[in-house]
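First the proteins, then the strands, lettered A, B, ... as listed; each starts at 1.
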Amino acid sequence: MTYKVTEEGDASTVFLDGEIDMDKTEGAKEVIFPLIDAGKNVNLNLSNVQYMDSSGISVLIESHQKALEKGTKLIVKDVSKSVLKVIMMAKLEQILNLE
Amino acid sequence: MNTEVADTTNLSEKKDFLVNSSSLKDVRSFSREVFEKFKINEELREELVLAIAEAAQNIVKHAYKDYPDTQDRMAVRISCTDKELEISFFDKGKPVEKSKVKHRAIDDVKPGGLGTFFIQEIMDSIKFKEGDKPWINNLVLTKKL
């Protein structure tokens, strides 16, 4: 997994790519959590993530809940078809902010 | 070790992997290659790869919870007949306590506890068996084709 972060106003956009599994979740959290802790709204762009397992889904849930606690917002954007299928299997499409 | 039995009606492939989270991508690659060879369509293939990866992850996370630096190996065997897929996992970790294998309530949204749910959603049956020596655990997943 590689990542890129862009800033625009009070929002940060995190672009992740590759396959997000148990081996990659700590790296994803290390990028996302400090932005939320800093009070940023975070756009998580998953257009180049082709695979996500339950560990990756846990990162989405944890990030979403952390943002709620901090009074910011996590928006999950441009989800690939394969990852959307997993999000829907977890019945999270109404919970997460998907765009 | 990678073994293959080629037959037009009964295919089986088996491979072993170090019990470590870094092996999960290799488990997925192996599974994708096998399903491609078995001519499983892409949509079902990716669902099956997820189920397999979740089961392998459970071995790393639970059967070897207290042994993160183990050099043990786990094996995955994928067999296919005309009508059914059977996926077996073999490991030498802590024996599985079947009563403790359950997923979280799906509407209780919190991190964790989804791997077993995904496996149940994707597969038709899940059976935990004692492994024949030298294995301790043998998980068998099946899916009708």
Nearest heavy-atom neighbours spanning A:V49 and A:L16: CG2-O, 3.5 Å
Less than 4.5 Å to any heavy atom of chain A: does that hold for the side chain of B:F118, its backbone, both, or neither? both
Flag side-chain contact, heavy atom, 4.5 Å: B:M74 against B:V60: yes
Taking side-chain hydrogen bond (donor to acceptor under 3.5 Å, both in side chains) as the test, write out the residues that go with A:N48, two or more places apart. none
Side chain, backbone, both or neither: which part of A:L60 has a non-hydrogen atom closer than 4.5 Å to chain B? neither
Side chains of B:L139 and B:V96: closer than 4.5 Å at any heavy-atom pair? no
Atom pairs, donor to acceptor, chain A/chain B, distance under 3.5 Å:
from, atom 1, to, atom 2, distance (Å)
A:E19, OE1, B:R28, NE, 3.0
A:E19, OE1, B:R28, NH2, 2.9
A:E19, OE2, B:R32, NH1, 3.3
A:E19, OE2, B:R32, NH2, 3.2
A:D21, OD2, B:R28, NH1, 2.8
A:D21, OD2, B:R28, NH2, 3.2
A:D23, OD1, B:S21, OG, 2.9
A:D53, OD2, B:Q57, NE2, 3.1
A:S54, N, B:E54, OE2, 2.7
A:S54, OG, B:E54, OE1, 2.6
A:S54, OG, B:E54, OE2, 3.1
A:S55, OG, B:Q57, OE1, 2.6
A:S58, OG, B:G112, N, 2.8
A:Q65, NE2, B:V109, O, 3.0
A:K85, NZ, B:E43, OE2, 3.1
A:K85, NZ, B:E47, OE2, 2.8

Measure the shortest side-chain to side-chain distance between B:I136 and B:F90 over non-hydrogen atoms and say whether it is less than 4.5 angstrom. no
Show, in sequence, the C-alpha distance, side-chain angles and deciding distance for A:E8 and A:N43, and conclude whether the side-chain contact (heavy atoms from CB on, under 4.5 Å) test is met. CA-CA 11 Å; A:E8 194 176 329; A:N43 299 315; over 6 Å; no
Check whether any side-chain heavy atom of A:V5 lies under 4.5 Å from a side-chain heavy atom of A:T13, and answer yes or no. no
Segment of A:V86 engaging chain B (4.5 angstrom heavy-atom cut-off): both
